[in-house]
Amino acid sequence: MDLAYSVEHEAYREQLRSFLKKNRNKSPGTGSGAMAANDWQQLLIENGYAALTVPKEYGGAGLAPDILKSHILAEEFTLAKVRPGHSGDNRIVPVLLELGTEEQKQRFIPPTVRGEMLWCQGYSEPGSGSDLASLQTRAHVDGDDFVINGQKIWTSGAKTAHMMFCLVRTEPDAPKHQGISYLLIPMGIPGMEVRPLKQMTGDSIFNEVFFTDCRVPTTEIVGSRGEGWYVANATLKHERGGLGDPNQAASRFHEVLELMKNETIDGRRLIDIPSYRDRAMALQARVFAMKFNGMRVLSHNIKNEEPGLPRWIVKLQGCELNHQIAGLAIDVMGELGILYDESPYIRDQGMWQHRYMMDLGLIIGGGTAQIQKNIIGERALGLPKEPKFDKPI
Amino acid sequence: MEFMLSEEQRMLQESVSGFLESHCPLDRVRSAADAEESMANDVHAGLCELGIPGIVIPEEFGGVGMGFLEAALVAEALGGAVAPVPFTATSTMVPVALLAAGSEAQKQNWLPKIASGEICVAVGVTEQLGRRESDGIKAKNGRLNGKAMFVLEGMEAHGYLIADSTGALHLVDADANGLSRTKLKTIDRTRSVAEISLDATPADVLPGSVSDREPLLSTIDAGRLMLAADTLGAAQAMLDQAIAYAKERRQFNRPIGSFQAVKHMCAEMAAELEPCRSLVWYAAHSVHAMPTEARLMACHAKAHLSEVGQFVARTATEVHGGMGFTDLLGLHYWFKRIGFNRQLLGAPELIREEAARVQGLVS
Ligand SMILES: Cc1cc2nc3c(=O)[nH]c(=O)nc-3n(C[C@H](O)[C@H](O)[C@H](O)COP(=O)(O)OP(=O)(O)OC[C@H]3O[C@@H](n4cnc5c(N)ncnc54)[C@H](O)[C@@H]3O)c2cc1C
């Protein structure tokens with residue numbers, strides 16, 4: 001056990017801090033010198049603070065993978081409350097880097113990393129959510145094209161995205177996991193219709209996407225025909241890693257504490273009410289536990305070892321923790337906690353109610369809590385698998 | 001001993017639920033919310049025909065003279081239908097206050113109109129439960145000054161029952177001099193909440209509330225009980241929808257309800273909620289039959305239903321998967337109604353503290 005960072009990493013942290021101090025007013029959303037999001041991203045890449053491991057030839061910073069540096073980076077940006085950079089899209093870029101053709105990498109990665117090309121994930125269908133591998137959207141080959149027919153649902157960001165990475169059935173006679181291909185589809189092509197769906201929060205980030213004889217060149221496939229399920233699992237892994245981030249829970253917890261120190265009831269600070277304080281402290285213990293759990297995952301990752309159980313629980317526990325943090329904020333605000341939609345007296349623009357609902361959405365999205373528990377039971381704990389019924393019951 | 005509903009009570013339940021089913025389907029709830037109607041007038045009119053606004057008002061004042069158990073059954077049905085109509089404040093809290101502390105003239109003046117549904121009266125007592133921002137209301141020489149926040153059913157009201165900073169209760173006309181109302185937008189678009197500003201506004205104090213806090217407290221008890229019953233109905237509606245969905249939705253070649261994970265979610269919701277029904281019945285029955293227990297029971301009903309309601313709201317949403325998170329099935333109307341009931345008239349921790357105090361457990 002050694003929690004100290006090496007001299008090299010300490011130096012890195014110092015360097016980063018002075019960069020942030022000097023440039024924080026350029027960060028989008030802070031101060032008048034703020035840059036557009038994409039210019040800010042470019043500045044970060046040039047200084048080696050975004051798209052770290054994406055090779056230079058594809059527009060990244062081209063650094064050797066250093067998990068600890070990425071971790072320091074995330075910590076310092078959160079601490080400084082400065083908008084962090086990104087690696088394009090943590091679902092698609094790693095997939096393209098690992099499995100894309102040279103031509104695909106050159107065409108898609110640079111604009112994605114610059115933030116100019118946005119992606120949406122076309123996986124779920126009305127009949128295929130948890131049972132994703134049963135998906136029915138089909139593509140058959142006609143000349144040099146795939147011709148796509150079917151429907152996706154819950155596609156976040158489809159209205160603003162330029163591209164979709166999408167799972168379609170290309171081998172209808174193969175077993176269900178082996179009949180799927182992973183396609184890259186430009187949004188807005190003929191035959192594609194995007195219909196927004198409203199969510200419980202009142203926003204419409206979700207969409208339905210309909211395909212009627214949509215044509216995409218057969219070269220726009222990642223991996224081979226029938227390998228889509230395995231390609232997709234590479235991205236699902238990245239998505240799961242991202243949901244339930246302990247740093248996010250820590251910073252939200254900090255915000256609740258601030259709220260409890262500043263708001264009063266009958267002139268008494270909320271933090272002075274023992275039952276509220278106790279709930280806050282119970283959540284703080286969870287926040288710490290998840291943060292340190294994250295340190296363990298990190299330590300295994302640095303050594304290139306499979307972290308096992310500590311990794312499998314992150315999505316389940318982290319999303320639940322965020323939901324409970326929002327729930328505490330609402331409760332301590334009493335009647336103020338139900339205000340929404342730019343109401344007079346609203347606190348923090350109603351973000352706690354928004355988060356409370358959104359976090360429930362994230363408990364469901366990206367693999368539901370129940371599916372997470374199945375995975376923990378079967379993969380991490382080695383419990384026998386649930387018998388599968390390939391025939392309808 | 002017979003702890004069950006009477007034939008008449010079951011008939012009341014059926015007639016209110018039946019009416020709401022046909023006249024207040026989800027589409028009507030949506031249209032009211034989207035048009036920002038402060039209440040669905042057609043639904044309210046139908047309920048007036050059934051005598052609902054006067055349910056606890058004695059016959060001598062034009063009501064139907066039923067008890068709080070009957071009122072709780074109505075609140076449960078309204079929660080079950082997420083009905084965008086006033087009830088808790090105008091039909092239970094205000095009558096309780098008037099009957100406990102009003103002068104004969106005040107009762108004669110207000111109760112018959114409330115009972116017929118001709119007018120609605122909203123309630124502003126939040127500052128007496130926990131002052132968040134405004135300094136509350138000051139009364140002087142028959143006039144009120146200050147702000148009342150979170151006035152329940154406040155936007156559609158013709159009159160207000162407002163507690164001043166001493167706890168005395170005042171009746172105020174909606175069009176009285178110096179009164180202005182501002183809509184407070186909440187997550188729940190089926191009930192209205194307002195901020196009422198009063199500037200030397202003429203008010204009519206309830207004489208019995210001037211040096212006695214009891215009328216204020218029993219008014220709050222009534223409101224808490226109704227919010228608890230409303231949550232009971234809303235949570236039951238969410239559970240029913242989750243069960244129906246679990247039977248019908250298929251994944252992995254089988255109905256999702258055949259997965260123990262889903263079955264257990266449904267069973268846990270049912271196991272948590274069913275005893276709540278008994279708690280609400282007992283609490284409501286105690287108002288007339290065992291008044292010494294009524295306050296404690298109202299506290300527990302409100303706090304406990306808030307907890308169970310929250311659990312059911314999130315779990316029923318989870319059973320629906322991504323569908324639960326969207327507007328498609330409208331599940332969020334119930335989710336938000338339950339969330340609203342939780343925060344109004346005291347969130348759980350504060351009410352449990354009160355439950356302890358009521359029993360003399362706090363030194
Ligand atoms: C906020 C959010 C964002 C999303 N973004 C996207 C996106 O961008 N792209 C995309 O493709 N999809 C997206 N989704 C869809 C998401 O991946 C699915 O909602 C999720 O996988 C669940 O599928 P479903 O909605 O069909 O629910 P279902 O699979 O129908 O599940 C219903 C219930 O059954 C349970 N259940 C199902 N199978 C089992 C089992 N084997 N064992 C135990 N319980 C089971 C579930 O846990 C759930 O409680 C998003 C969803 C949300 C909520």
Side-chain angles (χ1 to χ4, degrees), chain A residues 124 126-131 134 153-154 197-202 204 206 263-267 273-276 279 323 327 330-346 350 353 356-358 360-361 363-365 368-371 373-374 386 388-393, chain B residues 126-127 129-134 149-150 182-189 193 195 249-256 258-262 264-265 306 310 313-314 317-328 330-333 335-336 339-340 342-350 352-353:
Chain A
S124 306
S128 307
S130 298
D131 184 11
S134 68
I153 196 168
W154 320 134
L197 283 174
K198 206 154 115 190
Q199 290 126 236
M200 68 190 298
T201 53
S204 301
F206 271 170
E263 292 283 341
T264 59
I265 181 164
D266 289 332
I273 297 174
S275 54
Y276 287 157
R279 268 179 74 184
H323 184 64
I330 292 168
D331 276 358
V332 298
M333 283 190 282
E335 295 86 352
L336 288 169
I338 54 169
L339 297 178
Y340 204 55
D341 258 355
E342 298 169 9
S343 174
Y345 299 109
I346 199 161
Q353 275 292 348
Y356 183 72
M357 293 185 263
M358 196 60 216
L360 181 56
I363 287 172
I364 295 165
T368 67
Q370 293 68 43
I371 295 295
K373 290 178 194 173
N374 287 349
E386 178 123 0
K388 285 229 156 67
F389 297 88
D390 276 328
K391 300 228 162 47
I393 57 165
Chain B
T126 300
E127 280 71 22
L129 291 165
R131 191 165 38 74
R132 296 277 172 171
E133 194 159 287
S134 88
M149 287 173 77
F150 305 104
T182 311
K183 180 172 176 162
L184 300 182
K185 289 189 178 183
T186 78
I187 47 163
D188 176 21
R189 295 188 295 157
V193 180
E195 177 196 49
R249 168 74 171 165
R250 299 176 71 89
Q251 286 288 275
F252 301 98
N253 278 323
R254 49 199 266 197
I256 57 168
S258 70
F259 291 114
Q260 284 193 356
V262 175
H264 287 189
M265 282 198 279
S306 296
Q310 181 178 60
R314 76 70 60 96
T317 304
E318 282 189 85
V319 168
H320 286 79
M323 189 62 89
F325 185 64
T326 59
D327 183 48
L328 290 170
L331 215 58
H332 64 94
Y333 283 100
F335 184 99
K336 291 167 182 169
F340 176 100
R342 181 180 172 95
Q343 305 304 116
L344 257 281
L345 301 178
E349 275 85 1
L350 298 181
R352 282 193 290 261
E353 178 68 16

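Below, chains carry the letters A, B, ... as their sequence lines are ordered, and counting in each starts from 1.
For B:Tyr333, no part lies near chain A; criterion is any non-hydrogen pair under 4.5 Å. Residue contact with chain A, scored on non-hydrogen atoms closer than 4.5 Å, involves the side chain of B:Phe150 exclusively. Only the side chain of B:Thr182 comes within contact range of chain A, judged by heavy atoms closer than 4.5 Å. With a threshold of 4.5 angstrom between heavy atoms, B:Met265 approaches chain A through side-chain atoms but not through N, CA, C or O. Looking at B:Arg249, only its side chain comes within 4.5 Å of chain A, counting heavy atoms on both sides. B:Leu331 does not touch chain A: none of its heavy atoms, backbone or side chain, sits under 4.5 Å away. For a residue to count as touching a neighbouring chain, one of its non-hydrogen atoms must lie under 4.5 Å from one of that chain's; by this rule A:Ser128 touches chain B with the backbone only. When heavy atoms are compared at a cutoff of 4.5 Å, A:Thr264 approaches chain B by way of both its backbone and its side chain. Only the side chain of B:Glu195 comes within contact range of chain A, with heavy atoms under 4.5 Å apart. Only the side chain of A:Leu197 comes within contact range of chain B, judged by heavy atoms closer than 4.5 Å.
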For the pair A:Gln370 and B:Glu318, evaluate side-chain hydrogen bond (donor to acceptor under 3.5 Å, both in side chains) and give the outcome as yes or no after the intermediate values.
CA-CA 9 Å; A:Gln370 293 68 43; B:Glu318 282 189 85; 3.3 Å; yes
Could you go through the side-chain contact (heavy atoms from CB on, under 4.5 Å) check for B:Phe335 and A:Met357 one step at a time?
CA-CA 10 Å; B:Phe335 184 99; A:Met357 293 185 263; 4.1 Å; yes
Apply side-chain contact (heavy atoms from CB on, under 4.5 Å) to the pair A:Lys198 and B:Thr326, showing each step before the final yes or no.
CA-CA 6 Å; A:Lys198 206 154 115 190; B:Thr326 59; over 6 Å; no
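Side-chain atoms of B:Lys336 come within 3.5 Å of backbone N or O of A:Met200 as a donor-acceptor pair. Within the 3.5 Å criterion, the main-chain N or O of A:Ser130 finds a donor-acceptor partner in the side chain of B:Gln251.
Counted within 6.0 Å of CD on B:Gln260, heavy atoms from surrounding residues, nucleotides or ligands total 12 or fewer; the atom is thus considered open.
Among A:Ile330, A:Thr368, A:Ile273, the residue making the largest number of heavy-atom pairs under 4.5 Å with chain B is A:Ile330.
Between B:Thr186 and A:Gln353 there is no side-chain heavy-atom pair separated by less than 4.5 Å. You'll find the side chain of B:Glu349 stays beyond 4.5 Å of the side chain of A:Val332, heavy atoms only. Side-chain contact between B:Asp188 and A:Ile338: absent, with no pair of heavy atoms (C-beta onward) separated by less than 4.5 Å.
Every residue two or more places apart in sequence or in another chain that forms a salt bridge (charged side-chain N to carboxylate O under 4.0 Å, His left out) with B:Arg189 is listed here: B:Asp34. Under the ring pair (Phe, Tyr, Trp, His ring centres under 6.0 Å) criterion, A:Phe206 pairs with A:Trp154, B:Phe325, not counting sequence neighbours.
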